[in-house]
2 protein chains.
Amino acid sequence: MAPKKLKTVEAAQAPAKRQHKADAKVATAPAKPRPLTRIQREKQDIILEAALEVFSVHGFRGATIDQIAEVAGMSKPNLLYYFPKKEEIHRRLMSELLVTWLAPLEEMRADGDPFVEIRSYIRRKLEMARDFPRQSRLFANEMLRGAPHIIDMLEVDLKALVDEKAQVLMTWMDQGKISRTDPYHLIFSIWATTQHYADFDVQVRAILGKGRGGEGRFEDAARYLEQLFLHGLTPRPKA
Amino acid sequence: MAPKKLKTVEAAQAPAKRQHKADAKVATAPAKPRPLTRIQREKQDIILEAALEVFSVHGFRGATIDQIAEVAGMSKPNLLYYFPKKEEIHRRLMSELLVTWLAPLEEMRADGDPFVEIRSYIRRKLEMARDFPRQSRLFANEMLRGAPHIIDMLEVDLKALVDEKAQVLMTWMDQGKISRTDPYHLIFSIWATTQHYADFDVQVRAILGKGRGGEGRFEDAARYLEQLFLHGLTPRPKA
DNA sequence: AAGATTTTTGACCAGTTGGAAAAATGTTAG
DNA sequence: CTAACATTTTTCCAACTGGTCAAAAATCTT
């Protein structure tokens, strides 16, 4: 089975207020979507950026349109001109998220060296936690709520992708290249350990303190995780 | 340093509406707190239980008093009689949470066998994820928001506890009993991997599917994590 | 520059929110 | 039983919520 891209949920990216009636002229034409203008694209991006900021902290219900509008630097009605519903903004965010969020796993190649592939995957996930913490938190917020908006995609697309990669892992196990263990829980543990640095960032920093809580913590984490997944905690004689 | 219990934030557990003025009799007495009646304790428990249900899913801002009251089976004003402020409920929940949530780590004894101690700790945390998923999600929700209500405790009490246990781990490393690695990130990885099964439960179940998504998933997780922390993924010759 | 279109704004609305006040109802110690 | 207290319900409110709408302002097209 090919890597298979997630289907995108879009479908709701109409320019704005649908059909400014102006196309009464064309009458029966099958609703040509009309390409987005520059301004529309720019404003939508600004809004999505602001929405990410707010949703990722307060969750869907806890976030307010006013707040998003304020962060986006525009009035509420103006924002609603581009996204007529609060849900619409969230939906867009979620579908964009799922695509980019799973890309790292798709990149794990069956024909590479197992340890190199797994290590690279962990690195990539850790980099995402470092560079896109808000996306990680947005995702986490959705999970905590029971993923009402994306449960279907989880059960279909995500499951398919993970099934595929679990097969790859099992092949490696069959070949004796990595230890035989549960490939699904292996993937879970990579997700958990890497995303932890985005989602629980406050806690991580509170504990590491000023001294070690700087940007270096991601390098430390990478080094630690590398060892964990390679050898666990069993002491080995020095090389 | 002794295990040191977390200080409880309480301080706001007054019976209800403060000083039903009734104590004008006692006049200048130093405000005797007056012990909680049976009903007060029961009702407060019911409310806290309902609040846990709601807060853990929607976060602080996303949760409404009406909703909590409904789950608790009482009217909103009645609920407000016991907890005059929404924040009050949340505060109580959080302080109770921190105490029970960290108990497992406190139990990790320096004088035990390292692998036994670590494995037991992982087990306990996993059991908590299984038996108290809502508490786990409540905690996660607070973290995602930047832990505004408990940041102090994280920086003081939690840090102290983790520092202490990190010392224990380092001692074990010095003795060559476990592999030398970063003890803080080791603890983080245990938290992350175990809490994942509560916080991301939907995802875990969506991926494992009906077949393996049953209660058995916790046993599978325990087995997998045991191996991960013991040996990582490096294949070993069969015993 | 005029006309057509798109974007922005201000006023507004109905429903919900956290919470206050007070009246009504229980409960219990003397 | 009854007074003192505890609990519950009813009513109310001001602020906030997601969202509408018409008109004004800005932009684009010709």
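In what follows, chains carry the letters A, B, and so on, assigned in the order in which the sequence lines appear, proteins first and then strands, with residues in each chain numbered from 1.
In this structure, B:Ser75 reaches the bases: a heavy-atom distance under 4.0 Å links it to at least one base atom across the strands shown. At the heavy-atom level, A:Lys76 lies under 4.0 Å from base atoms of the strands shown. A:Ala63 comes within contact range of the sugar-phosphate backbone alone, with a heavy-atom separation under 4.0 Å but no base atom that close.
OP1 or OP2 of C:dT9 has at least one side-chain nitrogen or oxygen of A:Asn78 nearer than 4.0 Å. Phosphate contact (OP1/OP2 of C:dT6, side-chain N/O of A:Gln40, threshold under 4.0 Å): absent. Not one side-chain nitrogen or oxygen of A:Tyr81 sits closer than 4.0 Å to the OP1 or OP2 atom of C:dT8. Close to D:dT8, at under 4.0 Å from its OP1 or OP2, lies a side-chain N or O of B:Lys43. For the pair B:Tyr82 and D:dA6, the criterion of a side-chain N or O lying under 4.0 Å from OP1 or OP2 is not met.
One interatomic measurement links the two molecules: CD1 of B:Ile68 to P of C:dT16, which rounds to 17 Å at whole-angstrom precision. Per the geometry, CD belonging to A:Gln44 stands 12 Å off P belonging to C:dT8, to the nearest Å. Rounded to whole angstrom, the span from the CG atom of B:Asp66 across to the P atom of C:dT16 amounts to 9 Å. Rounded to an integer number of Å, the gap from A:Ile89 CD1 to D:dG18 P is 10 Å. D:dG19 atom P lies 14 Å from atom NE2 of A:His90, rounded to whole Å. When rounded to the nearest whole Å, the span between NZ of B:Lys86 and P of D:dC16 equals 14 Å. Going from atom CZ of B:Arg41 over to atom C1' of D:dA6 covers 15 Å, rounded to whole Å. Between the CG atom of A:Leu80 and the P atom of D:dG19 there is a distance of 7 Å, given to the nearest Å.
Mapping A:Pro77 and A:Arg61 onto DNA chain C by nearest heavy atom places A:Pro77 closer to the 5' end of the strand.
Using a 4.0 Å cut-off between charged nitrogen and carboxylate oxygen, B:Arg217 and B:Asp201 count as a salt-bridge pair.
With B:Ile65 as reference, B:Lys76 is the one residue of B:Lys85, B:Glu70, B:Lys76 to meet the side-chain contact (heavy atoms from CB on, under 4.5 Å) rule.
No side-chain heavy atom of B:Asp199 sits less than 4.5 Å from a side-chain heavy atom of A:Met143.
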Open item on the list: Let's go through B:Arg92 and B:Glu96 carefully: what are the C-alpha distance in whole Å and the side-chain angles of both, what is the deciding distance for side chain to side chain contact (heavy atoms under 4.5 Å, CB included) to 0.1 Å, and is it a yes or a no?
Closed with: CA-CA 6 Å; B:Arg92 270 285 287 279; B:Glu96 284 180 15; 3.6 Å; yes
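Classification of the B:Phe55-B:Phe60 ring pair by plane angle, with boundaries at 30° and 60°, yields parallel.
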